[in-house]
Protein chains: 2
Amino acid sequence: MINKKKTLLNEIKEILKSKGIKPSYQRIMVYNYIKNHINHPSVDTIFKAISGSIPTLSKTTIYNILNLFAKKGIVDTLTIDKNEVRYDFIKKAHAHFMCKICGEIYDIHLKSDVCLKDFVEGHKVEDTHVDFKGVCKECL
Amino acid sequence: MINKKKTLLNEIKEILKSKGIKPSYQRIMVYNYIKNHINHPSVDTIFKAISGSIPTLSKTTIYNILNLFAKKGIVDTLTIDKNEVRYDFIKKAHAHFMCKICGEIYDIHLKSDVCLKDFVEGHKVEDTHVDFKGVCKECL
DNA sequence: TTATAATTTGTAATCATTTCAACTCTATAA
DNA sequence: TTATAGAGTTGAAATGATTACAAATTATAA
Ligand SMILES: [Mn+2]
Ligand SMILES: [Mn+2]
Ligand SMILES: [Zn+2]
Ligand SMILES: [Zn+2]
């Protein structure tokens with residue numbers, strides 16, 4: 001059990017190193033959290049979730065780490081919610097649905113033609129976001 | 001010339017009334033501005049643009065009016081830019097491209113399959129946003 | 001070990017947006 | 001006409017997410 005966890009953290013350590021990121025304990029913990037929480041957490045959510053295991057943790061560190069991860073292509077920065085940025089561990093391209101009632105952001109797996117474009121009307125595309133808003137199936 | 005402007009403002013007055021909005025001078029001026037500026041202005045941009053013609057204008061009024069217009073379906077609220085909300089006068093569905101360098105937001109006219117959906121994976125869709133980010137043709 | 005660099009931390013600053021109470025304007029009733 | 005009520009506007013203060021910054025801590029290398 002403990003060995004398994006140790007192995008996992010070592011795996012993350014290697015992944016971070018391979019991306020040119022020095023694997024500090026805080027970075028490993030953030031990586032581990034976002035990898036296992038696909039519900040698009042905010043900085044505050046992540047902070048509350050892991051500050052228990054890192055008593056001295058500062059919220060600024062979470063901001064620093066997520067900005068770094070975004071620059072290195074580890075997370076996507078979602079701006080669907082105008083109140084706060086939400087983060088998404090990058091796997092493969094997918095769309096999102098945000099509920100106007102409960103605020104939950106769901107993954108939507110649809111194969112859209114728009115996700116493949118490198119250029120649109122002369123502009124060079126780096127990120128593509130397909131965002132739906134409305135009332136989720138739970139709130140309906 | 002002056003008559004033409006008067007006619008225009010009267011037209012807007014009628015449109016607002018038809019949507020159940022009392023046509024105050026401030027509301028008419030904001031409507032007139034966003035109708036004629038398709039570059040997705042922010043609250044601050046709109047405020048700076050029309051405060052010259054309304055010396056007593058408050059920025060809070062712009063916030064109030066845009067929130068009202070959004071509720072009444074006159075404007076779309078764009079959350080592409082995480083720093084500030086941008087507003088779009090609603091015409092027909094279209095995508096957007098935001099430049100990471102200059103911050104400009106362009107209209108993208110593509111006929112996508114995703115814009116027609118009423119439901120996605122059980123969730124009721126009210127708004128659909130297709131947002132691209134990258135480097136615009138001017139900054140390339 | 002010691003020096004140097006990288007990372008983390010906590011506080012303060014920034015900035016968009018909202019809250020709120022006072023003020024203004026207009027329409028309508030007495 | 002005047003009084004009253006409601007809607008809209010205003011400006012100041014509060015809120016809240018994010019960033020800036022400098023001090024403290026930790027890791028790395030000599
Ligand atoms: Mn996702
Ligand atoms: Mn547009
Ligand atoms: Zn919901
Ligand atoms: Zn540009």
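Below, each value reflects all heavy atoms present in this structure, side chains not excepted, and no hydrogens, waters or symmetry copies. Here the structure is a predicted model, which means the values were calculated and not measured. Per chain, numbering begins at 1; letters A, B, ... match sequence-line order.
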Query raised in the report: Is there a donor-acceptor contact under 3.5 Å linking the side chains of Asp81(A) and His40(A)?
Result: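 Result is no, nothing qualifies.
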Query raised in the report: Without hydrogens or angle criteria, can the side chains of His129(B) and His129(A) be said to hold a donor-acceptor pair below 3.5 Å?
Result: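 No, no side-chain donor-acceptor contact under 3.5 Å.
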Nearest-Å distance for atom pair [atom1]/[atom2], residues [X] and [N]:
X        : N       : atom1 : atom2 : value
Lys22(A) : dA27(D) : NZ    : P     : 10 Å
Lys13(A) : dA27(D) : NZ    : P     : 10 Å
Leu16(A) : dA6(C)  : CG    : P     : 18 Å
Met29(B) : dG8(D)  : CE    : C1'   : 17 Å
Tyr25(A) : dT9(C)  : OH    : C1'   : 17 Å
Phe47(A) : dA17(D) : CZ    : C1'   : 14 Å

Query raised in the report: Among the clusters formed by ILVMFWY side chains lying less than 4.5 Å apart, do Ile65(B) and Val85(B) turn up in the same one?
Result: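 They do share one cluster, since a chain of ILVMFWY contacts under 4.5 Å joins Ile65(B) to Val85(B).
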Query - Upstream residue (5' side of DNA chain D) when Lys82(B) and Arg27(B) are each assigned their closest nucleotide - result: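 That would be Arg27(B).
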Query raised in the report: Closest nucleotide of DNA chain D for Ile21(B) versus for Asn83(B): which of these residues is on the 5' side?
Result: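 Mapping each residue to its closest nucleotide by heavy atoms, the 5'-most match is Ile21(B).
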Report task. Compare side-chain N and O positions of Gln26(A) against OP1 and OP2 of dT26(D) and report whether any pair is under 4.0 Å apart. Result ->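 Checking Gln26(A) against dT26(D): no side-chain N or O falls below 4.0 Å of OP1 or OP2.
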At what distance, to the nearest 0.5 angstrom, does [atom1] of [X] lie from [atom2] of [Y]?
X        : Y         : atom1 : atom2 : answer
His96(B) : Asp131(B) : NE2   : CG    : 7.5 Å
Ile34(B) : Tyr31(B)  : CD1   : OH    : 7.5 Å
Ser53(B) : Gln26(B)  : OG    : CD    : 10.5 Å

Report task. Within residues 48-70 of chain B, find the residues that approach DNA chain C with a heavy atom at under 4.0 Å, and present them sorted by residue number. Result ->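 When residues 48-70 of chain B is checked for heavy atoms under 4.0 Å from DNA chain C, the hits, listed by number, are Thr60(B), Tyr63(B), Asn67(B).
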Query raised in the report: Among residues 36-44 of chain A, which contact DNA chain C at a heavy-atom distance under 4.0 Å?
Result: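 Output list: empty, so none.
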Report task. Answer yes if the ring centres of His123(B) and Tyr106(A) are under 6.0 angstrom apart, and no otherwise. Result ->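 Close enough - the centres of the two rings lie under 6.0 Å apart.
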Query raised in the report: Can any side-chain N or O of Thr79(A) pair as donor or acceptor with the backbone N or O of Thr79(B) at less than 3.5 Å?
Result: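 Flag set: sc Thr79(A) to bb Thr79(B) pair under 3.5 Å.
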Let me have the donor-acceptor pairs involving side chains of residues 8-24 of chain A, under 3.5 Å, with sequence neighbours excluded, atom names and distances please.
residue: Ser18(A); atom: OG; partner: Ile15(A); partner atom: O; Å: 2.6
residue: Ser24(A); atom: OG; partner: Arg27(A); partner atom: N; Å: 3.2

